[in-house]
Amino acid sequence: MGGGPAGRGRWQGRRAGRGPRRAQRFGPCSPRPPAHCPSGLVVRGPSARRLAVAARLQLPEGAARPERSMPGIVVPPGEARRSSDSRGSSAGSGRIPAAEGWLPRPAGALAPVSGVGTRTGGSCSSGRGKPGWAALSAAQGPERRRPLGPSRSPASAGPALGRWRFGGVSTAWTWTSRPPPASGQAPGPPVAYREPPRARTRPASAPPATRRRAGGCLALPPSLPACPSRPTAPLMPVPRALTAQQPRCWTVLPHGRPAPQHPAFTGGSLTKLAYYSTVQHKVAKVRSFDHSGKDAEQDHEPPYEISVQEEVTARLHFVKFENTYIEACLDFIKDHLVNTETKVIQATGGGAYKFKDLIEEKLRLKVDKEDVMTCLIKGCNFVLKNIPHEAFVYQKDSDPEFRFQTNHPNIFPYLLVNIGSGVSIVKVETEDRFEWIGGSSIGGGTFWGLGALLTKTKKFDELLHLASKGHHTNVDMLVQDIYGGAHETLGLSGNLIASSFGKSATADREFSKEDMAKSLLHMISNDIGQLACLYARLHCLDRVYFGGFFIRGHPVTMRTITYSINFFSKGEVQALFLRHEGYLGAIGAFLKGAEQDNPNQYSWGENYAGSSGLRSSPPEPCPSQRTRGGAFDLLEMDRLERPLVNLPLLLDPSSYVPDTVDLTDDALARKYWLSCFEEALDGVVKRAVASQPGSVDAAERAEKFRQKYWNKLQTLRHQPFAYGTLTVRSLLDTREHCLNEFSFPDPYSKVKQRENGVALKCFQRVIRSLDALGWEERQLALVKGLLAGNVFDWGAKAVSDVLESDPQFGFEEAKRKLQERPWLVDSYSKWLQRLKGPPHKCALIFADNSGVDVILGVFPFVRELLSRGTEVILACNSGPALNDVTYSESLIVAERIAAMDPVIHSALREERLLLMQTGSSSPCLDLSRLDKGLAMLVRERGADLVVIEGMGRAVHTNYYASLRCESLKLAVIKNSWLAERLGGRLFSVIFKYEVPAE
Amino acid sequence: MGTTFCWLGRRSHILCWRQKDVAKAWRLISWRREWRHPRKMLLNQLEAVAAIPARYDDNVDLRGGRADAQSWMNFRAFPWFGMDIGGTLVKLVYFEPKDITAEEEQEEVENLKSIRKYLTSNTAYGKTGIRDVHLELKNLTMCGRKGNLHFIRFPSCAMHRFIQMGSEKNFSSLHTTLCATGGGAFKFEEDFRMIADLQLHKLDELDCLIQGLLYVDSVGFNGKPECYYFENPTNPELCQKKPYCLDNPYPMLLVNMGSGVSILAVYSKDNYKRVTGTSLGGGTFLGLCCLLTGCETFEEALEMAAKGDSTNVDKLVKDIYGGDYERFGLQGSAVASSFGNMMSKEKRDSISKEDLARATLVTITNNIGSIARMCALNENIDRVVFVGNFLRINMVSMKLLAYAMDFWSKGQLKALFLEHEGYFGAVGALLELFKMTDDQ
């Protein structure tokens, strides 16, 4: 947020007159000025000239071009031109609202930055939701009249800019706002000026149509949030929990296709920008007190202190924008590279060749042209390895249409068919080895080009839309047209196409656009499918991934391609699609550029909060919705602290599916869980606010969180597949990501702190009573203790209600709530029998909740195992999730317990008890993505027992996980719906002891 | 029935034959091809029946004396036609006997004579029927008779007019069997029967294609070879048509480019399989051309295509990469995206019809070429024979196919072409006419 404060002052000053009304209408952070006061942006300095140039460019029609017909956007022809004319004039009112259009987040804040001169220093403290943002975002002008995705809204751009912190001042982007005429305060232009005679403002040199389009495209921001995953989060500034970042690696990817400025290209293609940022998160840290005074505990003081600190993590961002904006984009990059050490810019795609000179001249950076295919494949390998449920099969008539594939540990070899303008078919054998084995010139460009000629429809998406309505049988010559009715007796399918467009050669009549588009789509899809099959057969491959703009999430094309592959391969070859297909090249180029940072050695996780999901809706004719062909969506990948690997104890890593129920599949369960999460949202919001009592804006942020998560839930209601397979786990994780995004790093930190304190006090009493029992009774008591502890789960609504209303609810009450034996799933006898045998060598325990659960449930159990001579690895979450105990908390808790208990003390000292982190921040557990250190330790110590505790880890996930060693899965069902589904009641007990088959 | 026997003039003789005798007589005839004239043979044979050697076993199951007698008669009954009714074109081959004796001439019914005169004295029939005079096979001996084989085509949409004509000319009175193949044989069978009172003998398309091809290749093209290839296909200046000897044709990949495309792997005379096919064929070319340029005929479309330049329409590798794409060894001049330039409105507005026609032709041809190449690789066959009417007067496509095969396979694959591109199915059907009675 470089240069924020000063900018704010100025901006507020300029726009004072409008403040209150806007606040009233849109809330304090609203970037939207009222519709009738178009705050213009004046171009000053060299940029004006540049714009004038841009306005004269011959800009072709593009598929993804935002149209002037978007609601609320009225850009008269010649507008851009006028703006340049008005240079230097106080009355200048050329409205160039699109400054931020092509670069969603950062650009939004350009105005304030440049307005005041950027401070590149450390003033980047989080400015989330501070009033200043209202003024800041106000500068965005009136162009945003449609619902915006939260993270795209201009206000959100503020913090985003902070994250960029390039440090340059851009004259090119010195858009300043023209106060609204209505306010009467500023030298607003005469009304007449806004509608000057057009002829006068046109440069005589350019044909009107061209200029108009140019103006339009410059003036319009592509509406970023068209992705339905963030459909209706209007005007939500997204003050992220991050402040500063340094771009280290840059990738500009003018991707192969059309650039208006160059005759060789046509419009509407996308450039993808990938950048790497360091993100400052707020994290809650726990720290032991210095126990100088022994009476600390008696005074009911918490067992440790919590402090909120800033932590820097790395994040990969991918944004798309249209090639139309390439120059503007380059200006932007240039202006923000001033203080960085970047000397090389990675670029790939055909555009990299075309734009090389332009880029080098503008940025004075060396363009490192990366090979398209190399990048594509690097990216493909990256997503296949790092993003769960990346690949999916598209099934037209099934519900859901998307069937996601679990990540296979061995992704090679595979065939990648990239359908861009043309088609490239590549065989990928290893990380670095791949081979271009063929291609075809009949691809997306053919569909688009030929389709445009045939139907006079300019846009790719409109063509697809036409195609989805047409009947190809009117245009194609089918087998039944040639054979008459005899095809049945001959065993031929009469519906097979014998000759595409065959009827148009003979029938002397008009064909409808829809029918022709459909026929064309079939023709091209079938052809590609056929070639892909031939190549797959030649190379003995059965997995074919499809990508390229022809596919890019369009259900119509996925359907026809899948059909074609099935037809030609007779089911032997599987057509697979990728959720983040559009980013492969960008990711790959980035990885190439960042090789010194070794991105491949890290694990990455998709940030659900910052990424837009998969779209499924067929292209809509409404231009504001879908004209941009999925132009703008986002992908954010968080670099995880440590690499994640499979738990070595998994029986079959390739078939391991963490989640028990696939909610995309199970409509009933989906409905329930979505409602359940909706209902629980209020509580979470309340908790989040309560967790930050000192913060002035907590309520506001919490409200935004509510909005965002609510919207995500609504999206998922309609498109359960938006983020891969929908599961309870993904719902929980999304909630955590959203909370983090709004700076609620750990809403339960205080609760956990209090509960840990209370439980620690009871520890010795519990141990004493356990020790008093006989061996057999003690074993049962220990297990009951584990289960009773597990009742203390703020994630379960039934429990959190109890806990909220009855703070005295304690361990003993919880025990009484438990179901009596026999439990719902009860293999306790078997377990007891096992305990009578030789001790386990090493037990791996995944702990669940903090407080009673870990201290009075898990630790006594651990203590018993230790005294049996079993080593114990206690694995806790790396990051916070609900009231789950985190690794750092577990360290403190263990330390405190060790002070009270000699068994634990010596075990810790002798490293027979090891505290480890799982690498996860989820209330659930994915055994295929565990911290590498933990996995190594497990292997080293030869763990032969895995204890998984809690609903999230043992029921929602891993319930059916098969391990190579003994496992104990225990949980209390704290959800009556789930209990009923499993055949039990609330607080039913799952005690599942499994021994692998010999 | 009466007519037939009138023509033979020996009704009573035939009727008194037993069915077995008929079969035996027929077999003898087929074995003694030098007996050209059925009537003479018949007269001789009537006496010879009793002397048929015993080796002709009597186990042949026949339907009935009358029917058999009829088909046997029809075997020789002119006119001899073979028909291939495709999706776009009907291909008709007609054998014109040149060795008609005066006696025959005299006895030839009026109907038959008029058909012969009509077909052989014209080169165009109605508005759309055309005789490919240049393809005529002269002095051909077929089934013991000497004559010329004529190649006629007309659009499938004129089929109904054709049937109507058959009905008007009382074609059925000739009691000839029409051997027909192609989808239309099935589609129009009912119409032939109902309107023209003609029974179609339906034949498998691919069988006919292969038999016809092998036959025409074996008889040659009036002393010249039927099969040819292009020498130096990668060099437009040195590229030349050269004869190719297809004496030992197996295995070959046979690519039949009609409205759609079928690709067959042929391992011997009657061992073949259909590998695959594509719907992007001649019909697609013509259909798209009609839509894009407003042309109406194949000739028109090809004429335009010959004048056009597809590089204005297609996006080439160099348009994207500024030159060759070395990483994949792609030349800058290779087409990256067919019709790719048409994504831009400016270019759409400035493009000529000729360029569009050319681009359509190139697109379809290249696609067929690349599918054929993949099939050849998958089937491990290095000779690819292209046939079908898509290649008619279509030098552009032929050279392009020859080039593509050679270039992408680095000289491993050879593209072969045949003079009678689209007529093999019809020839195969005609050959079936001779075989037909044999089987029955």
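The sequence lines fix the lettering, A, B, ..., with proteins before strands; numbering per chain opens at 1. Bear in mind the structure is a predicted one, so any value in this text is a computation, not a measurement.
Here the straight-line distance linking atom CG of A/Leu463 with atom CE of B/Met343 works out to 11.5 Å at 0.5 Å rounding. Rounding to the nearest 0.5 angstrom, the gap separating the CG atom in B/Leu288 from the CG atom in A/Leu520 is 7.5 Å. Atom OH of A/Tyr483 and atom CD of B/Glu189 lie 13.0 Å apart (nearest 0.5 Å). Of the inter-residue distances, the one linking B/Arg348 atom CZ with A/Lys458 atom NZ reads 8.0 Å to the nearest 0.5 angstrom. Once rounded to the nearest 0.5 Å, the distance linking CZ of A/Phe501 with OG of B/Ser259 reads 15.0 Å.
Heavy atoms from other residues, nucleotides or ligands lying under 6.0 Å from CG of B/Asp349 number more than 12. Within 6.0 Å of the CD atom in B/Glu296, the count of heavy atoms belonging to other residues, nucleotides or ligands does not exceed 12. The environment of B/Phe407 atom CZ is dense: over 12 non-hydrogen atoms of other residues, nucleotides or ligands sit within 6.0 angstrom.
Of the listed residues (B/Thr278, B/Thr88, B/Leu377, B/Asn367), the one with the most heavy-atom contacts under 4.5 Å to chain A is B/Asn367. Ranked by non-hydrogen atom pairs under 4.5 Å with chain B, the options A/Ser499, A/Gly451, A/Gly422 are led by A/Ser499. The residue among B/Gly260, B/Ser262, B/Ser338 with the most heavy atom pairs within less than 4.5 Å of chain A is B/Ser338. Between chain A and the residues B/Asn366, B/Thr276, B/Ile85, B/Thr297, the most heavy-atom pairs under 4.5 angstrom are made by B/Thr276. The choice from B/Ser370, B/Gly277, B/Pro155 that makes the most heavy-atom pairs within less than 4.5 Å of chain A is B/Gly277. In terms of heavy-atom pairs under 4.5 angstrom with chain A, the leader among B/Leu330, B/Leu356, B/Val261 is B/Leu330. Among the candidates A/Thr374, A/Leu531, A/Leu450, the residue making the largest number of heavy-atom pairs closer than 4.5 Å to chain B is A/Leu450. Most heavy-atom pairs under 4.5 Å with chain B: of the set A/Val475, A/Asp527, A/Ile497, this distinction falls to A/Asp527.
Heavy atoms of B/Leu316 lying under 4.5 Å from chain A are absent altogether. Heavy atoms closer than 4.5 Å to chain B are found nowhere in A/Ser519, neither backbone nor side chain. Proximity to chain B is limited to the side chain of A/Met477, based on heavy atoms less than 4.5 angstrom apart. Neither the backbone nor the side chain of B/Glu379 comes within contact range of chain A, judged by heavy atoms closer than 4.5 Å. Contact of A/Tyr535 with chain B is made through backbone and side chain together, with heavy-atom distances under 4.5 Å. For A/Asn526, no part lies near chain B; criterion is any non-hydrogen pair under 4.5 Å. Of the two parts of A/Ala498, only the backbone, made up of N, CA, C and O, holds a non-hydrogen atom closer than 4.5 Å to a non-hydrogen atom of chain B.
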Checking side chain to side chain contact (heavy atoms under 4.5 Å, CB included) for the pair A/Arg537/B/Met374: CA distance, chi angles, key distance, verdict? CA-CA 10 Å; A/Arg537 193 175 304 155; B/Met374 286 310 296; over 6 Å; no

Under the side chain to side chain contact (heavy atoms under 4.5 Å, CB included) rule, what do A/Leu534 and B/Cys375 come out as? Steps first, then yes or no, please. CA-CA 7 Å; A/Leu534 286 168; B/Cys375 290; 4.1 Å; yes

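Although no hydrogens or angles enter the test, the distance criterion places a donor-acceptor pair under 3.5 Å between the side chain of B/Lys187 and the main chain of A/Asp481. In this structure, the side chain of A/Ser500 does not engage the main chain of B/Thr284 through any donor-acceptor pair within 3.5 Å.
The stretch residues 432-445 of chain A places A/Phe434, A/Trp436, A/Ser440, A/Ser441, A/Ile442, A/Gly445 near chain B, each with some heavy atom under 4.5 Å from a heavy atom of that chain.
In this structure, a donor-acceptor pair under 3.5 Å is absent between the side chains of B/Ser337 and A/Ser421.
In this structure, B/Leu291 and A/Met516 approach most closely via the heavy-atom pair CD1-SD, 3.6 Å.
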